[in-house]
Structures are given as structure tokens and as C-alpha cells.
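Throughout, protein chains are lettered first and strands after them, A, B, ... in sequence-line order, and every chain is numbered starting at 1.
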Amino acid sequence: MSYKAVIVAEKNSVARAIASFLGGSSVRRFRVERVPAYEFLWEGGKHLSIGVSGHILDFDFPEEYNKWESVDPRVLFFTNPVLVTREGAYIYVRALKTLARQTSTVILALDADVEGEAIAFEVMRIMKSVNPELEFRRAWFSAVTKSDILEAFRKLREPNENLANKAFARMVVDLTIGASFTRILTLSARRNGGVMPRGSFLSYGPCQTPVLYLVVKRELEREQFKKKKYYVLRVRFRSQEGVFTASATFEDQEKAKSALDSVKRTGVGVVVSAEFNAVEVEPPVPLNTVYLESRASLFLNLRPKETLSIAEKLYSFGYISYPRTETTIYPPTLNLRGIASMFTRWEDAGWYVAKVLAKGFTPTRGREDDKAHPPIYPTRSASREEITRRFGEKAWKVYEYVVRHFLATISENAVVERQRVVVKVGELSLQSEGRKLVYAGFYNVYKYSVPKDEPLPYVVEGEEVEVEDAKIEARTTQPPPYLSESELLALMKKYGIGTDATMQEHIHTNIERRYFVVKNKRCIPTPLGRTLALALYETVPELVLPEVRGKMEASLSKIATGERTPEEVVNEMRSEFLEYYDRLVERIDYVSKKIVEGLKMVFQDEKQQARAGSVGEERSRSTRTHRKGKK
DNA sequence: GCAAGGTC
């Protein structure tokens, strides 16, 4: 059996889509070494498409370097990791080797980004090992649509090794620094009497640890915050149009009291300024992963990790587009009108969609384009009943959000009237603010943040208003709250920590390691996470500062552009982190003593709670993960 | 047993 070409995609869903776009009704589905494959006719030749599942190969240190007790972690900076097959990826290796013997041409139809390019080189390495004669071509498409796929297959490219090398360099550097610092922290804590549950360890990572630092930093800001008392004089006025409240703020209680007395004595005020301005509110820009996660946390009360896994499911069943994207600009090839037309009878929004379509629209436009994937949009119209039945209530919330967000991006601006009134009572000025939704626009479909109407009466300048009531409220300035997950995601994005697809993982890792917990959407450090972050900050701040990851990313990017070789960049980063390592080791006793205190507080506390029988859901789940890690 | 990055 022989194929004109074998097509390898990054995942099964894409392999299946390619087969149906190119093969139409001729597609035959079967399995190659247990991996789903699709055989079809295209341009007169028999083709086969097959999907892998992300990376197939990974880096690890050679066996003899994986004995934590007997290898000085410092040695890892001078040890080259080797490529190994990932656990669970053997079926793909076998399938690729089988297919390598059944064709002379392989089309690498992996995602259009550096990771996809790296996977392309993994595929080539595996297939070449059994058939060195194979010819490889690269299909580069940024959306899994018929037109994009056809275009990519007509303009096949050569694989780009620079792109792949960027990903491989990152893998090597991250493993080296992750493994060396994790081991030194874990081993030295144990030597200093630190006790932790079996199978657990003190991890360090170039993404997870700066994330922890951001969370701890906010806790310190809260503690350093100086609370101050202040006094608000609130006066209720009656105008010809109705009542409203205006207020003035005082730091000094006596001054507030004398102002109150004078207001009561005078009994009447004069409107000195009345502004009622209509302001246009623009709908959100097209949806990317991080924004979806952050809005789902705020509006739907879903954890980012859960949101992404639901979005993946909706994607794999064809309800929404690829959910891992940075892009907030619709590509010109995307048929927005066609997508919107699917929703003219959808939920309570259909009538408005029909109106928008009739009137014509210009979509909003953000600033980011990852040149690989379009923003997230719905690909199929579905009812609440259908989504809930197939995937559950939470999936409906996510799907509904994606649809409403998409519809909002093609909707009209809303108009909100911002209202400001200033009243003078004698010499004292009191202010009042209100607002009113004048034109709903996109809020007709985007129901999540509709501004609450709190209108003021339409008073006019010079109007006299009568004092109905006046009182003083004593208040205290409040420290900033703990970081919310939504803020944390925004900070990670700002500093370039992690990718859209992984940001939620870094939060989750910290939770699993008992470095912080998420309670009521807020990230609260544990004593362990706090001491770890602060001890590292005191000794080697570069190990925790959030700017460092962005700089690493910038250096790695020079590999992708061909400005620098992977060896140069990897060696430079190794020596940089080796210097950090040596500085840490100089004070490792100090650091580990601090950490041991944190360990005691976290794990003794857990033990006591467990004995008391109050095993929380989150904890029992993580404990299982720890066990799984143990061999 | 380490990381971060793919995907499920």
C-alpha cells in the first residue's frame, strides 16, 4: 500500500478536518497502530492524514543524572539533556514509523507556531529513522477552515529549523534551571530537617516562581498598608425632579462635624454645576484565551484551568474555534456575517443579531496578532439544552460567553450618560455622580457587565435644592485585596510569563505545591509559599522577579529569526542561571531554615486538619497527584 | 521526583 503523501497534524481533530476538506465524501476512517487515520483521494492520488497529540519527544537528563541524592545539582548546568519519547506517545512513534514506509512524501500540517514547528522536526526525526529518503513539506495555515487549508496545501513551504530550535532551546533551558533549583531547594530543606509528605518536593520554575512572587508581593503590600480613618458627610437633597445624595469627604472629624452643623443650619443648597454627558462605550475587542479565562473567572465564577479545558472540549466537538490564541484581530478571510447569521434565532439575542446584520457592521479590533490562530469565535449555533445535555451546565456558560462576546464585537456602541452634580451649601461643596444607560447597543447581547442605572434627577445650574437629611459616616481606607486570578492572569500577560495555553497551569502548579490557595477568586499565599518567595527574593532577586522571563523569551526569539544560534543562547542562559545558582548556594542554609519553618506551618497544619476529619476537596485531589508522582 | 510547552 502506498500513499501519494502522508499528512501529519498536531491533533486528531485537525487531521480529520483536513481529510474532509480535501477528500470530501471519499474519506475512509481506520486506525494505524491504534491511532485514528483518514484515507482519501485528492487530486487523483491516495492520501492519508493522521494526528499526533502535541509533542512526541521531550528532553530529559541521561539516566545517571536523575539520582537526586548522588548528583550535585550544579552538574546539570554542564550536562546536555537527551531526547526521549514521551510517556503515552509510543503509539504515535509506531504509527509514524509504519507510515514512513508507505509513502515518499510527508506533509507536515502542524500548527503555525514555534511549538508546531518543533513537533514537525520531531516527526521528521522519527520518520527519517526508518526511511531516510522521505521528502518533507510544510503546510502553514492559521485557521482550520476549508479555504485556509486549501491555500496552505497549494503553497507548501520548507520546514524552518530556526523556529523549531527556539522551542528546543526553551525546553533545554527550562529543564536545566527547573531541575537544578528544584533539587537544591528540596535536598537542602531535607538536610535541615524539613519534613514534607512522601513524593512531594519544593519546585522552582521560571514561570511558576515569578507567579508566586506576584501573589506574595500583594500580601506584603496589604501588610504595609497604613489604614486611615476618614469621614464622609452625606446629604440628601430634594430638587423639583426628585431626591439625590451628594457627599463631601473630610480627614478631620471635627471639621466634618462643623460642616454637618452648618448644612443643617442652612437647610438649602445651590446647584453650581450639573453635567449630563452622553459617552459612547465600545464593545470588547475579539476574544483571546487569556481574556476568556479572566472574564470567565469574573462573570462565570469558573477557574481558568476549568475554563480552558471546557473550551478545548467545545472546540474538539466543533462548537467554537481553536481556544488557544493571543490574537484580538479578526482575519479578513473570516466570514463574520456568515457566523453571525447562525445566531439570528439564538436565545434572547437573535432579534438584535438580525438588526445588526440588516444595518451592517464594523467589527472591533484589538492590537494583538500571534500570526497563528484567529480570535475565539463560535463555529456552530447550539441551544442551551444541547450544550448542557452533552457537556454540562458549565460548558453552556463558556459557550454562551463565547457567542455573546463574538456578537458583541460586531455590535453597536452603547451610550451611557455620565452625570455629575455639584451642590454648594454656604462655602461647602458636595458632589454627586450618577449614570444612565441611554442606548443599549452591544449590551443587548453582552449581558455580563451592563451598567447599573443610578440616575440623578435632571437638576439645572442655579437651582435651589432643599436639605432633607444629613449625616456623617466614619470610614477607613482599605488595603488592596489579595490578587484575583483575573488580575494575576493580566500580570502574567504583561510580563510575558507563560503562553496563553499555559498560564492557568502555572497558577495550578503553585496551588498543587501548597504555595498559595485560591479562595473566593483571590490568591492567598501559604506560609510555605511566602517564605520560599521571600527567601529567594532576599538572596537572588532575579530568581523571582517577573521581568526575567520576558528577557529570556526575547533572547530565545533571536534563534527563531536566525540572528543567533541555539548553542549561543542556551549557553548564555545556562551561565546566567549558574551565577544565580552559586549565589543561592552561598546562603542556602539561611534559605532552607526559613523554608523549613514554612513547611512546618503548612504540612503540620494539614495533618491536624486531616486528623480532625476535615479533608477538603482541593487537598485530597492534590494529595493524589503527589502520590502519582512517586515511583 | 525537577520545567514549560504541546494536547486530552
The side-chain hydrogen bond (donor to acceptor under 3.5 Å, both in side chains) partners of Ser557(A) (sequence neighbours excluded) come to Lys166(A)
With a 3.5 Å cut-off and sequence neighbours excluded, list the donor-acceptor pairs that the side chains of residues 51-63 of chain A form with protein atoms.
unit_1, atom_1, unit_2, atom_2, d
His55(A), ND1, Glu122(A), OE2, 2.7
His55(A), NE2, Glu115(A), OE1, 2.7
Asp58(A), OD1, Arg86(A), NH2, 3.4
Asp60(A), OD1, Asn66(A), ND2, 3.4
Asp60(A), OD2, Asn66(A), ND2, 3.3

Scan [range] against DNA chain B and write down, sorted by residue number, each residue with any heavy atom closer than 4.0 Å; if none is found, say none.
{"range": "residues 549-564 of chain A", "value": "Arg549(A)"}
{"range": "residues 165-182 of chain A", "value": "Arg170(A), Met171(A), Asp174(A), Leu175(A), Gly178(A), Ala179(A), Thr182(A)"}
{"range": "residues 110-119 of chain A", "value": "Asp111(A), Glu115(A)"}
{"range": "residues 586-598 of chain A", "value": "none"}

Here the salt bridge (Lys or Arg N to Asp or Glu O under 4.0 Å) pairs for residues 184-196 of chain A, sequence neighbours left out, are Glu69(A)-Arg190(A)
Residues 541-550 of chain A vs side chain to side chain donor-acceptor pair (under 3.5 Å), sequence neighbours excluded, gives Asp174(A)-Arg549(A), Glu542(A)-Arg583(A)
Checklist entry - Can you find a donor-acceptor pair, distance only, under 3.5 Å between Asn12(A) side chain and dC8(B) base? => result no
Can you name the ring-ring contact (aromatic ring centres under 6.0 Å, His included) partners of [X], sequence neighbours left out?
{"X": "Tyr65(A)", "answer": "none"}
{"X": "Tyr495(A)", "answer": "none"}
{"X": "Phe317(A)", "answer": "Phe391(A)"}
{"X": "Tyr401(A)", "answer": "His405(A), Tyr446(A), Tyr448(A)"}

Only residue of Tyr204(A), Phe201(A), Tyr580(A) satisfying ring-ring contact (aromatic ring centres under 6.0 Å, His included) with Phe181(A) is Tyr204(A)
Ranking dA3(B), dG6(B), dC8(B) by distance to the side chain of Tyr322(A), first place goes to dG6(B)
